[in-house]
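The structure appears right after this line, and notes come after that.
All values derive from a computational prediction rather than experimental measurement. Letters A, B, ... mirror the listed sequences (proteins, then strands); counts begin at 1.
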Protein chains: 2
Amino acid sequence: MPNVPSPTVHTDLRAHHRKLTRPRQAVLAIITAATRHLTPAEVYRQAKVQYPHLGLTTVYRTLDLLVELGYIQRIHLEEGCHSYAPTARPHGHHLVCSECGRAEEFAECDLDTLVRALQTRTGYEIQVHVLELMGRCPTCQTKSRPLRARKK
Amino acid sequence: MPNVPSPTVHTDLRAHHRKLTRPRQAVLAIITAATRHLTPAEVYRQAKVQYPHLGLTTVYRTLDLLVELGYIQRIHLEEGCHSYAPTARPHGHHLVCSECGRAEEFAECDLDTLVRALQTRTGYEIQVHVLELMGRCPTCQTKSRPLRARKK
DNA sequence: TCCTAATTGAAAAACGTTTTCAATTACTAG
DNA sequence: CTAGTAATTGAAAACGTTTTTCAATTAGGA
Ligand SMILES: [Mn+2]
Ligand SMILES: [Mn+2]
Ligand SMILES: [Zn+2]
Ligand SMILES: [Zn+2]
């Protein structure tokens, strides 16, 4: 039986008195299978293939819900702001080229020492971290140097 | 002679064929003196005190310019997205409470090892890092627990 | 002082996101 | 297998933010 959403989601939803609807299944299918972060608009366009009647409003609402349930995470990027990615994988960060926008993903992030120290000092209960690196990719390094030349 | 912008800015601007105008001075005064991150709208409202004729469009343009010149940095927060803060201080990160929005600043971030490893592996020339932590502040911890209860 | 490129702000457009609301749907209780 | 009901939906409109356009103004070098 293909395309049946994982029983976990179904259970999680029931536990919160939420329904597993066709629109939600379509969004879920796209975002949990994504190999890279997707904007709400991208999720919308792709999920419509499976469920053409889908509304953008519902995409936003479903993405919010999935973040709450911990299935996906919200990502903040320099351009375009706000994408979503599955949380499944250990957990991802991005290294983005500030010139061409090309991005690499990486998973390693040794923040535990920092996080523990900060928790002690501030009393916060730290749950999430956002780490993004920016620089120039190898390709762009071979090109121009200076900080944004004027048009002249 | 009070309120004269630091000679550095003036020089930097000239070097890039840019002018030091009244509107820019007003924006510069606010954002470089800020003790916390400010949104463009906040900068606008505050800078208008000094230069009432200021336009919001100019605030956006000036903030972009100052980022390019390295005087301020763009900050990505969960709510409201996009604030700006002076780069002067060693360099700052934020620990934000996901419930009440209260924020702490912190400066320590041992990313050098990570950054060097990634540079080697990817060939990127890493210039900037964004690190934000989120969690529950001490106050909010004393309140409700669960992940967003339904209204009933 | 003059000249010109850079800059400005109002207005409008373009975005991304949220709210509203009447109609529809998924689950549950019977 | 029904109802009954709360949850959900999507179109439309409202929203707040950011960008574009363009004619008028201005800073700073010649
Ligand atoms: Mn963001
Ligand atoms: Mn952002
Ligand atoms: Zn690049
Ligand atoms: Zn709090």
Exercise. Considering only heavy atoms from C-beta outward, does the side chain of B:L69 approach that of B:V9 to under 4.5 Å?
Worked result: no
Exercise. Heavy-atom distance under 4.5 Å between the side chains of B:D12 and B:Y71, does that happen here?
Worked result: yes
Problem set entry | For B:T21, all residues meeting side chain to side chain contact (heavy atoms under 4.5 Å, CB included), sequence neighbours excluded | B:K19, B:P23, B:R24
Seminar exercise, completed: By side chain to side chain contact (heavy atoms under 4.5 Å, CB included), B:R22 pairs with (sequence neighbours left out) B:Y51
Exercise. So which of residues 51-60 of chain B are in contact with DNA chain C, with a heavy-atom cut-off of under 4.0 Å?
Worked result: B:Y51, B:H53, B:L54, B:G55, B:T57, B:T58
For this session: Would you give the length of the straight line joining atom CG of A:L118 to atom CD1 of A:I126, rounded to the nearest 0.5 angstrom?
Result: 5.0 Å
Problem set entry | Positive for side chain to side chain contact (heavy atoms under 4.5 Å, CB included) with A:V43, one of A:L54, A:L28, A:I31 | A:I31
For this session: Just grab all the salt bridge (charged side-chain N to carboxylate O under 4.0 Å, His left out) pairs involving residues 39-52 of chain B, residues at least two apart or on different chains.
Result: B:R36-B:E42
Tabulated below should be each protein N or O lying under 3.5 Å from an N or O of nucleotides 22-26 of chain C; please produce it.
from	atom 1	to	atom 2	distance (Å)
C:dT25	O2	A:K19	NZ	3.0
C:dA26	N3	A:K19	NZ	3.0

Exercise. Does one hydrophobic cluster hold both B:Y44 and B:V67, with members joined at side-chain heavy-atom distances below 4.5 Å?
Worked result: yes
Exercise. Looking across every strand, which nucleic acid part, if any, lies under 4.0 Å from B:R61 by heavy atom: base, sugar-phosphate, or nothing?
Worked result: base
For this session: Taking only the side-chain nitrogens and oxygens of A:H82, find out if one of them lies under 4.0 Å from OP1 or OP2 of C:dG16.
Result: no
Exercise. Do the side-chain N or O atoms of A:R14 get closer than 4.0 angstrom to the phosphate oxygens (OP1, OP2) of C:dC27?
Worked result: no
Problem set entry | Backbone of A:L95 reached by a side-chain donor or acceptor of A:E104 within 3.5 Å | no
Problem set entry | Estimated bend of the helix from C:dT1-D:dA30 to C:dG30-D:dC1 (axis per five terminal pairs, rounded to 10 degrees) | 40°
